[in-house]
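Indexing begins at 1, ligand by ligand and atom by atom, following the structure's order.
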Amino acid sequence: MTLDNLKAENFRNIVCCDLSFAPGVNVLYGQNAQGKTNALECIYLFARGRSFRTAGEGEMVRFGERGFCAEIAFSDLRRQQTLSWRYYEGKRRRLRNGAEIERVGDMLGHFRAVLFCPDHLQLVKGGPEMRREFLNIAISQQNGEYLKRYALYKRILENRNYLLKSAQKNQYFDRDELDAWTRQMAHHAAYLSSVRQTYVRRIDGFARAIMHDLSDGKETLVCTYESDTPGETTEEREANYLARYATEQKREMLAGCSLVGIHRDDMALSVNGTDARSFASQGQQRSVVLALKMAEGEESREQSGEYPVFLFDDVLSELDERRRAYVFSGAGDRQFIVTSCEKDPFSSVNAIYVQGGTYVSSCGQR
Ligand code: ATP
Ligand code: MG
């Protein structure tokens, strides 16, 4: 999959841009605070259905303006498509190939991208919520059912926690209602944890091979899904969740929240047999995250037949020459859009100079 073009108006510090990208490596370069990450944020909106930097769309509107619009054109093996996003005075309109998109789920999965930004270095040492988010975002781009069921799960969790909170405060609550939420939660948790488990097994194979190459065979990375209620099949998981909710009910009422469920799960990462979450060095963390992101891309290609677009914000400058070369080897059939403060350190096919929200491409000059 390739991103062909990005148009944006009044998005962050961009007044108006019309940017073309080439297959292979594209670099956005320039000094700090010029609009490199802003462009990636705008592109990634269409892959994730929201910004990776803010929850509020209003923040993305250029200071002093009332709205923004953005549009991408992208191609896969079959055709070129467009996605557009307009936001004006609090109202949002999203279109795919000119047709209105009602729900965010209908936007996801068409333009697929893997984002790697400095915050993601926390994926190894940060809390389990970082790793759950990694899984949720990666899986949602290829499985609409997962996204739907996950949204449902969150709503059920909120309702269930509300009743448990009442129980904790000795206030009245409807026991039948609590049981109903519990049954639904077990049902969706079983499905969601099975999907996550399968996904982690799949990326584990890729991540191991990539880490092996990145470290010259010195480091073995193993990723495993850690569920608090495992099971061989989805049905078995559901039964196990129900059994656990029954035994944990008193504790949950005392705590005033759900102590069991996929919102407590994690992805264990180990390097050479020790837990990377506790013991990885800075360099190892960087390699692990890089391996995970590249594995996400490989897995996505295995599922869909095409690589997603790789968006790397500011994370390659710290890598040594050998690892950089490894990342970009075979970039012929993968597209990278990377940012850097240095002018074109990656022998790109398209270097774009960024200054004050304007973009000047060297395409054709090299
Ligand atoms: P760095 O190399 O430091 O990461 P960058 O080129 O990636 O820099 P960006 O994050 O893309 O920088 O852009 C930051 C600039 O955008 C800042 O000058 C900031 O003030 C400006 N900016 C952010 N939001 C808005 C907005 N809503 N309206 C106008 N300008 C904004
Ligand atoms: Mg930046």
Side-chain angles (χ1 to χ4, degrees), residues 3 5-21 25-72 84-94 111 113-123 126 130 133 137 282 285-286 289-290 293 309-319 324 327-328 335-346 348 350-363:
L3 176 70
N5 180 269
L6 165 72
K7 290 188 181 71
E9 242 180 81
N10 292 331
F11 184 90
R12 299 266 187 201
N13 71 342
I14 304 168
V15 177
C16 183
C17 79
D18 184 344
L19 260 172
S20 292
F21 298 94
V25 185
N26 297 258
V27 178
L28 293 157
Y29 74 96
Q31 291 180 344
N32 294 128
Q34 299 305 314
K36 303 183 294 294
T37 304
N38 291 348
L40 288 194
E41 180 185 24
C42 193
I43 295 166
Y44 195 63
L45 264 187
F46 296 100
R48 170 136 189 232
R50 53 170 288 193
S51 163
F52 71 89
R53 298 209 283 191
T54 172
E57 276 163 290
E59 221 179 274
M60 296 183 280
V61 176
R62 200 166 102 84
F63 299 143
E65 299 292 334
R66 291 194 278 187
F68 71 80
C69 52
E71 180 170 296
I72 58 165
S84 68
W85 191 307
R86 292 172 205 171
Y87 177 83
Y88 192 78
E89 292 192 329
K91 288 207 183 76
R92 171 197 313 132
R93 250 191 110 191
R94 289 179 293 216
F111 173 66
V114 171
L115 174 75
F116 183 6
C117 66
D119 282 354
H120 293 158
L121 293 169
Q122 280 300 310
L123 205 52
M130 299 274 309
E133 189 180 76
I137 294 172
Q282 294 276 1
Q285 287 178 60
R286 196 170 281 273
V289 180
L290 184 60
K293 297 287 175 176
V309 175
F310 292 85
L311 306 173
F312 282 11
D313 189 20
D314 239 12
V315 285
L316 293 172
S317 41
E318 306 283 318
L319 287 185
R324 275 186 197 178
V327 171
F328 293 136
Q335 187 185 41
F336 288 87
I337 301 173
V338 304
T339 69
S340 165
C341 287
E342 304 157 55
K343 183 177 187 250
D344 197 11
F346 313 118
S348 62
N350 181 22
I352 300 167
Y353 179 60
V354 186
Q355 190 180 29
T358 62
Y359 303 82
V360 181
S361 170
S362 70
C363 227

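- Evaluated by nearest non-hydrogen atom to atom 17 (C) of ligand 1, the leading choice among C42, A33, G30 is A33.
- Distance check for atom 31 (C) of ligand 1: a protein heavy atom is found below 4.0 Å.
- At least one donor-acceptor pair under 3.5 Å links the side chain of Q34 to the backbone N or O of N32.
- Considering V61, V354, T54, T37 only, the shortest heavy-atom separation from atom 4 (O) of ligand 1 involves T37.
- Residue contacts with ligand 1 include G35, since one of its heavy atoms falls under 4.0 Å from the ligand.
- The contact set between ligand 1 and K36, taken as ligand atoms under 4.0 Å from a residue heavy atom, comprises 1 (P), 2 (O), 5 (P), 6 (O), 7 (O), 8 (O), 11 (O).
- Legend: protein N/O/S atoms lying under 2.8 Å from the Mg ion (ligand 2), waters omitted, number 1.
- A donor-acceptor pair under 3.5 Å is absent between the side-chain atoms of Y44 and the main chain of V114, judged by distance alone.
- For ligand 1, the atoms lying closer than 4.0 Å to a non-hydrogen atom of E59 are 27 (N).
- Between F68 and F11, the ring-plane angle classifies as perpendicular under the 30° and 60° cut-offs.
- Close approach to Q34 involves these atoms of ligand 1, each under 4.0 Å from a residue heavy atom: 5 (P), 6 (O), 12 (O).
- In this structure, atom 16 (O) of ligand 1 lies nearest to the protein heavy atom N38 ND2, 3.2 Å.
- No hydrogens or angles considered: a donor-acceptor pair under 3.5 Å links the side chains of T37 and D313.
- Summarising the geometry of L316 relative to R324, their closest heavy-atom pair is O-NE, 3.3 Å, with the distance given to 0.1 Å.
- With N13 contributing its side chain and Q355 its backbone, the two residues share no donor-acceptor pair below 3.5 Å.
- Here atom 23 (C) of ligand 1 lies nearest to R12 when heavy atoms of E41, R12, Q31, Q355 are compared.
- In this structure, the protein non-hydrogen atom closest to atom 25 (C) of ligand 1 is F63 CZ, 3.5 Å.
- Under the 3.5 Å distance criterion, the side-chain polar atoms of K36 are matched with a main-chain donor or acceptor of G30.
- Counting only distance, with no hydrogens or angles, the side chain of N10 and the backbone of R62 share no donor-acceptor pair below 3.5 Å.
- The residue from N10, N32, N13 that puts a heavy atom closest to atom 1 (P) of ligand 1 is N32.
- R53 counts as a contact of ligand 1, since one of its heavy atoms falls under 4.0 Å from the ligand.
- Ring centroids of F336 and F328 are separated by less than 6.0 Å, placing the two rings close together.
- Using the six-membered ring where Trp is involved, F310 and F312 have ring planes that are perpendicular, over 60° apart on the 30 and 60° scheme.
- Using a distance-only test at 3.5 Å, with no hydrogens or angles considered, a donor-acceptor pair links the side chain of H120 to the main chain of L115.
- In terms of modelled atom types and a separation under 3.5 Å, the side chain of S20 and the main chain of N5 share no donor-acceptor contact.
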